[in-house]
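Single-structure report; data block below.
All values below come from the heavy atoms of this structure, side chains included, with hydrogens, waters and symmetry mates left out. All values reported here derive from a predicted model rather than from experimental measurement. We name chains A, B, ... by the order of the sequence lines, and we start the count at 1 in each one.
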Amino acid sequence: MILRSFLREKLTMLLKEIWNIETSIPILYPDQPKFGDYSTSVAMSLAKTLRQKPLDIASTLAEKWEWTDICRLEVVAPGYLNFFVNESLLDTLIQGKCLEDQYGSSDLLEGKKILLEYVSANPTGPLHIGHGRWAALGDSLARLLRYAGAQVWREFYVNDAGNQIRLLRETIQAVREGKEIPENGYHGAYITDVAKQTEDPVTYILNWQKETLKNFGVEFDRYFSEKSLHDSGMVQKTLDFLKSAGVAYESEGALWLRTTDHGDDKDRVLVKSDGEYTYFAVDIAYHQDKIKRGFRHLYNILGADHHGYVKRMEAAVWLLSQADGVETDFRIIIGQLVSLYRNGEPVRMSKRTGDMITLEEVLEEIGRDALRYYMVMRKADTHLEFDIEEAKKQSEENPVFYVQYAHARICGILRNLPSNLPVPQGTIVDSPEARLLATRLLRFPEIVQDAATALEPHRIPQYLEDVASVFHKYYTVHRIITDDLQTTANRATLVKATKNVLALGLRLIGVSAPERM
RNA sequence: GCGCCUGUAGCUCAGCUGGAUAGAGCAACAGCCUUCUAAGCUGUGGGCCACAGGUUCGACUCCUGUCAGGCGCACCA
């Protein structure tokens with residue numbers, strides 16, 4: 001049972017029944033225990049439309065509230081409804097739902113087939129820290145969406161065709177022959193290494209990227225080759241389709257797409273006057289392919305350095321959908337850039353300088369858990385300031401260890417548990433601190449749903465820190481293992497539920513939950 | 001010049017799609033281990049939520065404008 005949904009459902013019902021109105025009902029987590037475990041301000045927002053005092057509306061709702069076996073309800077001026085979860089229900093949930101392997105999962109997004117595209121770096125150089133962020137975000141998001149019931153297919157679009165690739169090959173060729181690197185060629189230190197390989201440079205670099213991502217715990221269901229779109233004729237097919245749909249037109253020797261029909265500043269070129277396809281055209285073919293494969297929910301994580309591309313792509317997918325007669329849900333998540341520092345000194349991230357720090361290096365230096373945590377702990381659309389030395393220096397007091405420590409601490413307790421414990425019986429939530437912890441644990445499914453629907457993975461670490469904090473406080477005040485076996489068994493259950501939530505939450509962001517630290 | 005993102009404690013950032021006295025972690029200071037992991041806990045100080053208007057019973061949250069920073073504005077990818 002997801003309590004918040006239950007409350008919302010019943011309130012919706014009552015509003016319909018009493019006043020015959022429908023409205024969205026905000027359910028909040030009050031910041032003070034005396035205001036309940038959940039609360040709503042719906043009575044205040046309805047005051048105007050119902051022409052009644054908020055307090056009267058709240059009172060009427062309270063009178064009709066018949067689910068006191070779930071929560072009791074208080075009316076507080078100027079019109080809040082505060083819900084207190086019933087103690088025995090808390091006990092039941094803690095030793096039931098909260099201990100389940102799949103606790104927090106739901107069927108909220110049941111039936112949705114989502115294609116999630118992320119990273120999609122050019123195979124012309126090693127991945128940098130920014131890619132690390134999109135990778136961690138994408139992977140976590142995939143886990144979240146799946147946990148919320150969606151079918152998620154993860155793709156990395158490999159730009160293995162076009163100018164950049166040609167330039168890379170020319171660069172490598174030149175280095176191998178001891179010639180000068182061509183203008184606009186690649187100059188990174190890694191070029192020398194790549195040139196030494198007998199393998200094709202593109203294949204080599206792509207495998208290198210795959211290896212890094214694998215070490216980072218980031219997986220894909222498919223690496224989709226851009227070149228394959230050319231080879232199969234998909235690009236041409238898509239262009240013909242757009243032409244026949246009347247949304248592409250020729251002008252000045254080029255083929256254009258009417259992206260201005262859907263919010264873009266100017267129409268965009270699909271085929272250049274020299275006959276070559278633009279990157280845009282091929283990308284449209286890729287998205288047409290996604291649609292043809294039956295996906296209606298297309299989510300892309302894009303680096304902020306490419307956000308200028310968003311409008312035209314949205315227009316393109318819209319035009320495709322119109323022409324295809326299908327409805328698509330196309331969303332672009334902009335991942336802001338990561339500013340990398342070392343001891344306060346900015347570190348260059350450019351692919352061309354050769355003086356960069358790669359994702360691989362950062363990963364080796366600070367470790368997978370810490371890096372993944374740092375990359376998803378902030379909202380995707382805020383710039384991330386990341387100091388390598390600080391992440392290491394703080395490694396004893398930084399958030400990822402704080403959360404992991406709570407988990408390890410619980411494991412320690414569980415190892416010390418007497419073997420002859422009875423089954424939990426009677427009151428489990430036996431103190432204000434226990435109550436605080438228990439009600440936090442009940443939020444887990446709600447947080448997962450919020451994070452999934454808002455496409456905001458950062459809510460998970462945020463929540464986990466909250467849980468860890470509440471647990472640590474509980475731990476310092478109460479002993480779990482006591483002389484009384486029944487009490488021990490009961491408290492151990494609460495602690496196990498906490499461990500379960502921490503472990504599940506950490507898994508959602510791809511961070512390990514260690515048994516010992 | 002135009003567009004997108006950001007502006008909250010000294011620093012890094014949350015703030016639950018408009019609600020109750022604005023939060024956390026670092027950093028500073030003062031305390032707490034003969035008892036399950038002190039990588040923890042408790043307390044103190046620190047804020048005109050960039051600024052100015054507006055909408056609202058109610059704004060950090062929504063709208064407009066200004067300022068500051070980041071990133072983009074190709075028949076590149």
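Under the stacking criterion of a centre-to-centre distance below 5.5 angstrom and an interplanar angle below 30°, A/Y402 is not stacked against the six-membered ring of B/rA39.
For the P atoms, the distance linking B/rC63 with B/rA9 amounts to 22 Å, nearest Å. For B/rA52 and B/rA59, the C1' atoms lie 15 Å apart once the distance is rounded to whole Å. Here, B/rG72 and B/rA27 have their C1' atoms 35 Å apart, quoted to the whole Å. If you take atom C1' in B/rC62 and the same atom in B/rG43, they sit 39 Å apart, rounded to whole Å. For B/rC26 and B/rG40, the C1' atoms lie 16 Å apart once the distance is rounded to whole Å. B/rC29 and B/rC36 have their P atoms separated by 29 Å, with the value rounded to a whole Å. On the C1' atoms, B/rA77 is 36 Å away from B/rU17, given to the nearest whole Å. B/rG70 and B/rA50 have their C1' atoms separated by 16 Å, given to the nearest Å.
Comparing B/rA20, B/rC76, B/rA14 by their nearest atom to the side chain of A/F35 picks out B/rA20. The nucleotide whose nearest atom lies closest to any side-chain atom of A/R268 is, among B/rC41, B/rA74, B/rC13, B/rA74. The nucleotide whose nearest atom lies closest to any side-chain atom of A/S39 is, among B/rA20, B/rA14, B/rC36, B/rA20. With distances taken from any side-chain atom of A/L28 to the nucleotides B/rU12, B/rU17, B/rG72, the minimum falls on B/rU17. For A/R409, the listed nucleotide lying nearest its side chain is B/rG40; candidates were B/rA20, B/rA39, B/rG40. When each of B/rA38, B/rC75, B/rU35 is scored by its nearest atom to the side-chain atoms of A/Y475, the top-ranked nucleotide is B/rA38. If you check B/rC5, B/rC41, B/rC16 against the side chain of A/R459, the one that comes closest is B/rC16.
No engagement by A/T482 is indicated, since no non-hydrogen atom pair under 4.0 Å with the nucleic acid exists. Within 4.0 Å (heavy atoms only), A/I447 reaches no atom of the nucleic acid at all. Nucleic acid contact class of A/A304 (heavy atoms, under 4.0 Å, all strands): sugar-phosphate only. Within 4.0 Å of A/S41, counting heavy atoms only, lies at least one base atom of the nucleic acid. Counting non-hydrogen atoms under 4.0 angstrom, A/I334 reaches nothing in the nucleic acid. Across all strands shown, A/E252 has heavy atoms under 4.0 Å from base atoms, whether or not it also approaches the sugar-phosphate. A/E515 comes within contact range of at least one nucleobase, with a heavy-atom separation under 4.0 Å. Within the nucleic acid shown, A/G162 has no heavy atom closer than 4.0 Å to any nucleic acid atom. Note on A/H383: a base of the nucleic acid sits closer than 4.0 angstrom, heavy atoms only. Within 4.0 Å of A/R516, counting heavy atoms only, lies at least one base atom of the nucleic acid. Residue contacts for A/N159: at a heavy-atom cut-off of 4.0 Å it reaches no nucleic acid atom on any strand shown.
With 3.5 Å as the limit, one finds no donor-acceptor pair spanning the side chains of A/Y279 and A/N163. A/Q236 and A/Y277 are linked by a side-chain donor-acceptor pair at a separation below 3.5 angstrom, with hydrogens and angles left out of the test.
Projected onto RNA chain B by closest heavy-atom contact, A/S273 and A/T476 fall at different nucleotides, the more 5' of which corresponds to A/T476. Checking A/T40 against A/Y279, the closest nucleotide of RNA chain B that is more toward the 5' end is the one next to A/T40.
Counting atom types as modelled, A/T382 pairs no side-chain N or O with a base atom of B/rC13 as donor and acceptor under 3.5 Å. Interface remark: the A/T278 side chain does not form any donor-acceptor pair with the B/rA77 base, using a distance-only criterion of under 3.5 Å. Under 3.5 Å, the side chain of A/N82 and the base of B/rA20 form at least one donor-acceptor pair of N or O atoms. Between the side chain of A/H307 and the base of B/rG3, at least one donor-acceptor pair of N or O atoms lies under 3.5 Å.
A/S120 places a side-chain N or O within donor-acceptor distance of the main-chain N or O of A/Y157, the cut-off being under 3.5 Å. Without hydrogens or angle criteria, A/H407 side chain to A/Q404 main chain gives no donor-acceptor distance under 3.5 Å. A donor-acceptor contact shorter than 3.5 Å is absent between the side chain of A/D37 and the backbone of A/T439. Using modelled atom types, no side-chain atom of A/E74 and backbone atom of A/A62 make a donor-acceptor pair closer than 3.5 Å.
Contact check, A/N122 against B/rA77: no side-chain N or O comes under 4.0 Å of OP1 or OP2. The side chain of A/H306 contributes no N or O atom lying less than 4.0 Å from OP1 or OP2 of B/rG3. Dashed line: the shortest gap from a side-chain N or O of A/K379 to OP1 or OP2 of B/rC13 is not under 4.0 Å. Look at A/K311 and you won't find any side-chain N or O under 4.0 angstrom from OP1 or OP2 of B/rG3. The phosphate of B/rU12 (OP1 or OP2) has no side-chain N or O of A/N398 nearer than 4.0 angstrom. Of the side-chain N and O atoms in A/Y309, none sit less than 4.0 angstrom from OP1 or OP2 of B/rA74. In this model, the phosphate group of B/rA74 is not approached by any side-chain N or O of A/K266 to a distance below 4.0 Å at OP1 or OP2. Under 4.0 angstrom from either OP1 or OP2 of B/rC73 there lies no side-chain N or O belonging to A/R312.
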Could you give me the CA-CA distance, side-chain angles and deciding distance for A/F224 and A/F156, then say whether ring-ring contact (aromatic ring centres under 6.0 Å, His included) is met? CA-CA 6 Å; A/F224 192 103; A/F156 179 126; over 10 Å; no

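With ring centers used as reference points, A/F386 lies under 6.0 Å from A/Y374.
Base pairing annotation: B/rA9 forms no Watson-Crick or G-U wobble pair, as no partner gives both donor-acceptor distances under 3.5 Å. Shown here, B/rU44 forms a base pair with B/rA28; the pair counts as Watson-Crick or G-U wobble because both key distances fall under 3.5 Å. Pair assignment for B/rG65 gives B/rC51, based on Watson-Crick or G-U wobble hydrogen-bonding distances that are each under 3.5 Å. In this structure, B/rC16 forms no base pair with any nucleotide, since neither Watson-Crick nor G-U wobble geometry is met with both distances under 3.5 Å. Under the Watson-Crick and G-U wobble criteria, each requiring two contacts below 3.5 Å, nucleotide B/rC71 is paired to B/rG3.
Base orientation for B/rC57: anti, the chi torsion being more than 90° from 0.
In this structure, the NE2 atom of A/H407 is 16 Å from the C1' atom of B/rC36, given to the nearest Å. The interatomic distance linking A/D264 (CG) with B/rG3 (P) rounds to 14 Å, in whole Å.
Look at A/E446 and A/R443 and you find no salt bridge, because none of the NZ, NE, NH1 or NH2 atoms lies under 4.0 Å from a carboxylate O.
By the 30° and 60° cut-offs, the orientation of the rings of A/F471 relative to A/Y475 is tilted.
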